[in-house]
Visitor: 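Take a look at this one; I'll ask things after.
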Amino acid sequence: MRNYDHNSIERKWQEYWAKHQVFKAEFPSSKPKFYVLDMFPYPSGSGLHVGHPLGYIASDIVARYKRHIGYNVLHPMGYDSFGLPAEQYAIQTGQHPIKTTKKNILRYREQLDRIGFSFDWSRAVQTSDSSYYKWTQWIFLLLYNSWYNPRTQKAENIETLIYILENEGFNGIGCDILTGDIEEELLPFSSKDWQHFEYSKKQAIIMNFRIAYLGEAFVNWCPELGTVLANDEVKNGFSERGGHPVERKKMNQWSMRITAYANRLLEGLSDLGWRNSIKESQKNWIGKSEGCSLYFKIKGQPERQIEVFTTRPDTLFGVSFLTIAPEHELAKSLTTNSRKQEVEEYVNIAKNRTERERMTNVADISGTFTGSYAIHPITNKEIPIWVGDYVLVGYGTGAVMAVPAHDQRDYEFAKFFDLPILPVLENTSIDKNANEAKEGILCNSDFLDGLNVYQAMTAAIDYIKINNIGKPKINFKLRDAAFGRQRYWGEPIPIYYKNGIPEPVLEKDLPITLPEISIFSPTESGEPPLARAPNWYYMPNKGLCNPADDINLEGGMLETSTMPGWAGSSWYFFRYMDAENSKEFASKDALNYWQQADLYIGGSEHATGHLLYSRFWTKVLYDLGHLPCQEPAKNLINQGMIQGLSAIIYRTEGENTIVSKDARDKNTNYTALHIDINLVQGNEVDIEQLKNWRPADFENATYVLENEKLICSLEAEKMSKRWHNVVNPDDICNTYGADTLRLYEMFLGPLEEPKPWNTQGIEGVSRFLKKVWRLFVNESDGTVNLENLQPDQLANKSLHKLIKKITWDIENFSFNTSVAAYMVFINEMNELKCRNKEILSTFLLLLSPYAPHICEELWDLMGNQERISSAAWPIFDPKYIEESDFNYPISINGKTKLQIRFDLSLKQQEIEEILFSNKEFINILDGKTIKRVIFVKAKIINIVV
RNA sequence: GCGCAUGUGGCGUAAUUGGUAGCCGCGCUAGACUUAGGAUCUAGUGUUGAAAGACGUGGGGGUUCGAGUCCCUUCAUGCGCACCA
């Protein structure tokens, strides 16, 4: 007796692979490289569910395949182990995050190992490991010591900035200030001025240019989590982790100047083989819009002006008022005495609205008149200045020129407050809506009259430039990324404060390791938890020290904020290339060889977070000469989420009666209850199990059945404990085996589609693998009897069809269709009663990327010395599948009329000759003349008469 | 509102890119072997029809000898962004 015992087979080969380091990437190597990267997981406390490995299985198939065709494959894995959940858990339980994280990582590793991935674990990284975050801190210092030079369009060492300031002064930089923090009266300063500035003033000015900088800005503050969040970590006004409300707050915060890279991040997209949806999300997030800024002088105060931004300079003559954001710096000073009370009230209400309230009440129109007027720069007409919260302080200049005839929001504002609406395009109706279309001929517009929209834009911009009333400008929606977190469980920011001035920690003193503390919540005075550490002081060349022992003017207190979760994940793919290096984040040689990921697989939820930050850091590192390439990954695939199937039963409201799905009454109200999906077979609930599951609820309930069955509804939802629909891959591995799990996850549907998990369908895949086993092994005596004869024509045809198909599938990420092809092949072999050694061993090789364990075992049982994982991929030979001597349908005008037997190796002309010697065919033609004969691949498809 | 996807049997899906729609699997029906089977094997399974055939890829229109595939339009679903001037 020898049945397919997946448990022992899988354990055996997993141990073999680990022991012999079969999947270790070579370096150095003379082979061509291929880098298959997965998004590394955050090791959460609930472990993996069957949705997590989907992308890993796909990438593993590619990695194994690429090894077979001769590449030196880098296929690593690691853990994104800093993050909020472990810390929240620490706050609640006092359990140190290191402990929870360690435990979770062990569990993840166990679960991953069971699935039989070909990861090179010798290169594993953990972002919370100090040997790793030493280099995250090193990169931070690099970013801190760099600035984006607008002249060269790249990041440079901060020394080049200082050199320019020393020699040319502010005007040598060639740009506006990058943040609004330099006191305006300082600008522009000369090189002489600069040389006379005090150290602290110089530092404050330089801070405005650093790529990692400390600055005052509106940030997303989450009071519940006690920390600042980046824009992508906020969804609809709530924190992505935990769903707590988020407010806008002005704070002095560490940020990353990603805005400097807006244009390069946008333009770099076109060369990437990424999916359109991801590229579009990033484009959307970066949000480039071209237009111009315009200056409006203020009536009675000709020395003062308001700058507005518009993308429609052609509508300049349609301006009937200006609107400024409530937070706009001029809001107060523009208000006349008579309007003072009203405006102040309005501004206060607007400021105190949370982000959430502002977003939900988008339809509400509110605003108030400041009492002041601006002067139209061309017509010199007086234009009232209003305050309105539909104008955002963070975008453009925080002020707009309102053209209600051609902008819907301005239109609604104008209607609401009964302000004039001036159309400047011919045939514009302003009864119901603004005319936002960028087409038509200008009217009421002085020198623009008669031009079309695009001509008018050009003409308007020319006029604006010549008369110096504004300038062309490009605006981005992208905001600088908040980088500091008022949290414990993250990389310490390697900055200390000497006399209140931030100073970088010396490179040789890295890493600054997390201090031991026992309470992880903020201090009583609201300081981040790191402020609790007694020795959170730094001295150059000495490292951490306790100020009580070492009071020394050379040192200072360390920064108490830590880095956000995305810091460690923005560069981990480079660390894999040389994971053990203690001298550099990775050696030049390793970086030059591995370059970048050739394939990156992960969830699309990281489109505007991780994937944007990674591209940003990669570009900075490239600019500064530390990397050979500008993008982290050439090709990116987003696997679709596997949803859980939730089981829902119905309880009559107010009674303890459970009613079967279709036995429900229309006039009764029911409460829908989620029950454990494991209690359900098909859509029938096992009532006895249900009673055992939650005796308190279901033991004494009354049941209304249909056909003596309790039927539930099934719904696809995100897998979560809350809905009792989580399927654990361990359970699947125990029952069916890892190979079945791998094949089934691929078989479920296209990799990139979201799809619900349905455990029933797995039986088919499981049967298939049992069939494969029986094809090789005689189960009654355990022998393997394969014949050594020359394979026959039909078997070879099946095999080569399969070689072609599987190779094409893997190259094109069409994994689901491979499984069907394997099944067809096995059925054909059974039909042909084929037990040919050559054919079947090639089949094993083709199946091995998908189901590696069973293939290794059968390959071994066949007596092969070499392991299947290092065998060469079979080569497709078209001679085996060329069809010949076959009945082909002949269609006339699209209708099938007859079948003719002919040899496909014939030339088109010869086929035509055969056709015309066929009497039946001549009959059908019935004297009509043939217009055209349509051939596809030497096969007649249609005849047009 | 803007952008990006996706619509094919009872269900998950296939159709290598414009060439015989429905491969493979689940489910279902019948049968075989069984004391029994939630094991295994065989046959059937888009709709309609006794059959020949006809009709069929969300709806409508178009291009083509030929459309699931291309174009226009419309509806539905999912995702992303959203008072971005």
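When reading the values below, keep in mind they use all heavy atoms of this one structure, side chains included, and skip hydrogens, waters and symmetry mates. Below, chains carry the letters A, B, ... as their sequence lines are ordered, and counting in each starts from 1.
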Visitor: Rounded to the nearest 0.5 Å, what's the gap from CZ on A:Phe825 to CG on A:Asn830? Could you check?
Guide: 10.0 Å

Visitor: Identify which nucleotide among B:A85, B:C24, B:G80 has an atom closest to any side-chain atom of A:Thr310, counting heavy atoms from C-beta outward.
Guide: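 Per side-chain heavy atoms of A:Thr310, the pick is B:A85.
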
Visitor: Choosing from B:A85, B:C24, B:C81, which nucleotide comes nearest the side chain of A:Asn284?
Guide: B:C81

Visitor: Could you check how far CD of A:Glu605 sits from C1' of B:C79, rounded to whole Å?
Guide: 12 Å

Visitor: B:C24 phosphate, OP1 or OP2: any side-chain N/O from A:Arg767 under 4.0 angstrom?
Guide: no

Visitor: Atom CG of A:Leu645 to atom C1' of B:G27: distance rounded to whole Å?
Guide: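 Taking CG of A:Leu645 and C1' of B:G27, I get 14 Å after rounding.
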
Visitor: Should B:G56 be called syn or anti, with syn set as within 90° of 0?
Guide: anti

Visitor: Distance check, P atoms only: B:G27 and B:G12, in whole angstrom units.
Guide: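 Roughly 15 Å separates the two P atoms.
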
Visitor: Please report the distance separating the P of B:U73 from the corresponding atom of B:G78, rounded so that it comes out in whole Å.
Guide: 23 Å

Visitor: Determine the Euclidean distance between corresponding C1' atoms of B:C65 and B:G49; express it in Å to zero decimal places.
Guide: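 About 30 Å, rounded to a whole number of Å.
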
Visitor: Applying a 3.5 Å limit to both distances, which nucleotide forms a Watson-Crick or G-U wobble pair with B:U8?
Guide: none

Visitor: Would you say A:Asp232 and A:Tyr613 are linked by a side-chain donor-acceptor pair, where the criterion is simply a distance under 3.5 Å?
Guide: yes

Visitor: Look at all strands and tell whether A:Arg479 reaches a base, only sugar-phosphate, or nothing, counting heavy atoms closer than 4.0 Å.
Guide: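 If one applies the 4.0 Å heavy-atom cut-off, A:Arg479 turns out to touch nothing in the nucleic acid.
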
Visitor: Starting at the 5' end of RNA chain B and moving along, which residue's nearest nucleotide shows up first, A:Glu753 or A:Val824?
Guide: A:Glu753

Visitor: Does A:Lys473 pair with A:Glu307 as a salt bridge, N-O distance under 4.0 Å?
Guide: yes

Visitor: So which nucleotide from B:C24, B:C83, B:C81 ends up closest to the side chain of A:Met823?
Guide: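 So the side chain of A:Met823 is nearest to B:C24.
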
Visitor: Under 4.0 angstrom, heavy atoms only, what part of the nucleic acid is A:Val391 near: base, sugar-phosphate, or nothing?
Guide: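 Since a base atom lies under 4.0 Å of A:Val391, the category is base.
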
Visitor: Could you let me know what B:G31 is paired to, Watson-Crick or G-U wobble, both distances under 3.5 Å, or none if it's on its own?
Guide: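 Answer to the pairing question: B:C41, which forms a Watson-Crick or G-U pair with B:G31.
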
Visitor: For A:Glu831 and B:C24, give me the distance from atom CD to atom C1', rounded to whole Å.
Guide: 15 Å

Visitor: Classify A:Pro756 by what it touches in the nucleic acid, base, sugar-phosphate, or nothing, heavy-atom distance under 4.0 Å.
Guide: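 Answer is nothing: A:Pro756 stays at 4.0 Å or more from every strand.
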
Visitor: Under 3.5 Å for both donor-acceptor distances, Watson-Crick or wobble: does B:U64 have a partner, and if so which one?
Guide: none

Visitor: Roughly how far apart, to the nearest Å, are B:C55 and B:U8 at atom C1'?
Guide: 15 Å

Visitor: Are A:Lys471 and A:Tyr295 close enough that a side-chain donor and a side-chain acceptor fall under 3.5 Å?
Guide: yes

Visitor: Tell me whether the OP1 or OP2 atom of B:A14 has a side-chain N or O from A:Asn816 closer than 4.0 Å.
Guide: yes

Visitor: I'd like the P distance from B:C24 over to B:U34, given in whole Å.
Guide: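 Comparing P positions in B:U34 and B:C24 gives a spacing of 30 Å.
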
Visitor: Consider the side chain of A:Phe747, meaning its heavy atoms from C-beta on, and name the nucleotide among B:U16, B:C41, B:C24 that approaches it most closely.
Guide: B:C24

Visitor: In Watson-Crick or G-U wobble terms, both distances under 3.5 Å, what is the partner of B:A51?
Guide: none

Visitor: Testing the 3.5 Å rule here: is there a donor-acceptor pair between the side chains of A:Glu811 and A:Tyr65?
Guide: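 Yes, a side-chain donor-acceptor pair sits under 3.5 Å.
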
Visitor: To the nearest Å, how far apart are A:Leu636 CG and B:C4 P?
Guide: 19 Å

Visitor: Report yes if some heavy atom in the side chain of A:Asp739 is under 4.5 Å from a heavy atom in the side chain of A:Tyr850; otherwise report no.
Guide: no

Visitor: Taking 4.0 Å as the cut-off, does a side-chain nitrogen or oxygen of A:Ser289 come that near to OP1 or OP2 on B:A85?
Guide: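 For B:A85, OP1/OP2 do have a side-chain N/O of A:Ser289 under 4.0 Å.
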
Visitor: From B:G3, B:C81, B:C83, pick the nucleotide closest to the side chain of A:Glu280?
Guide: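 The answer is B:G3.
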
Visitor: Using the ring-ring contact (aromatic ring centres under 6.0 Å, His included) criterion, which residues pair with A:Phe309? Sequence neighbours excluded.
Guide: none

Visitor: Could you give the CG-to-C1' distance, from A:Asp809 to B:C24, as a whole number of Å?
Guide: 12 Å

Visitor: In terms of side-chain geometry, is the basic nitrogen of A:Lys415 or A:Glu412 positioned less than 4.0 Å from the acidic oxygen of its partner?
Guide: no

Visitor: Students often get this wrong, so: under 4.0 angstrom with heavy atoms, is A:Lys771 touching a base, only sugar-phosphate, or nothing?
Guide: sugar-phosphate

Visitor: Check the phosphate of B:A5 against A:Asn276, side-chain N and O only, distance under 4.0 Å to OP1 or OP2. Yes or no?
Guide: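 Yes, within the criterion.
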
Visitor: Please report the distance separating the P of B:C11 from the corresponding atom of B:U47, rounded so that it comes out in whole Å.
Guide: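 About 12 Å, rounded to a whole number of Å.
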
Visitor: When you compare B:G9 with B:G56, how far apart are their P atoms, in angstrom units rounded to a whole number?
Guide: 14 Å

Visitor: Please report, rounded to the nearest Å, how far the P atom of B:U40 is from the CG atom of A:Asn778.
Guide: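 It is 18 Å, rounded to the nearest whole Å.
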
Visitor: Reading RNA chain B from 5' onward, which residue's closest nucleotide shows up sooner: A:Gly761 or A:Gly394?
Guide: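 Nearer the 5' end of the strand: A:Gly761.
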
Visitor: Could you check which of B:G27, B:U6, B:A14 has an atom nearest any side-chain atom of A:Thr817?
Guide: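 Within the option list, the nearest is B:A14.
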
Visitor: B:G59 and B:U69: how far apart are their P atoms, nearest whole angstrom?
Guide: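 Pairwise P distance, B:G59 against B:U69, rounds to 11 Å.
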
Visitor: When syn is taken as a glycosidic angle within 90 degrees of 0, is B:U35 syn or anti?
Guide: anti

Visitor: According to a strict under-4.0 Å criterion, is A:Tyr822 in side-chain N/O contact with OP1 or OP2 of B:C24?
Guide: no

Visitor: Can a donor-acceptor pair under 3.5 Å be found between the side-chain atoms of A:Lys805 and the base atoms of B:U16?
Guide: yes

Visitor: Counting side-chain heavy atoms from CB outward, which of B:U40, B:C4, B:C81 is closest to A:Ser277?
Guide: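 Closest nucleotide among those given: B:C4.
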
Visitor: Watson-Crick or G-U wobble partner for B:A14, using a 3.5 Å limit on both distances?
Guide: none

Visitor: With respect to the side chain of A:Leu392, which nucleotide from B:C41, B:A85, B:C24 is positioned closest?
Guide: B:A85

Visitor: Check the distance between B:G27's P and A:Gln760's CD and give it to me in whole angstrom.
Guide: 6 Å

Visitor: I need the CG-P distance between A:Asn830 and B:C41, as an integer number of Å.
Guide: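 About 9 Å, once rounded to whole Å.
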
Visitor: Pick from A:Leu478, A:Leu266, A:Asn475: which one makes a side chain to side chain contact (heavy atoms under 4.5 Å, CB included) with A:Lys288?
Guide: A:Leu266

Visitor: Considering every strand shown, what is the Watson-Crick or G-U wobble mate of B:G3 when both distances are under 3.5 Å?
Guide: B:C79

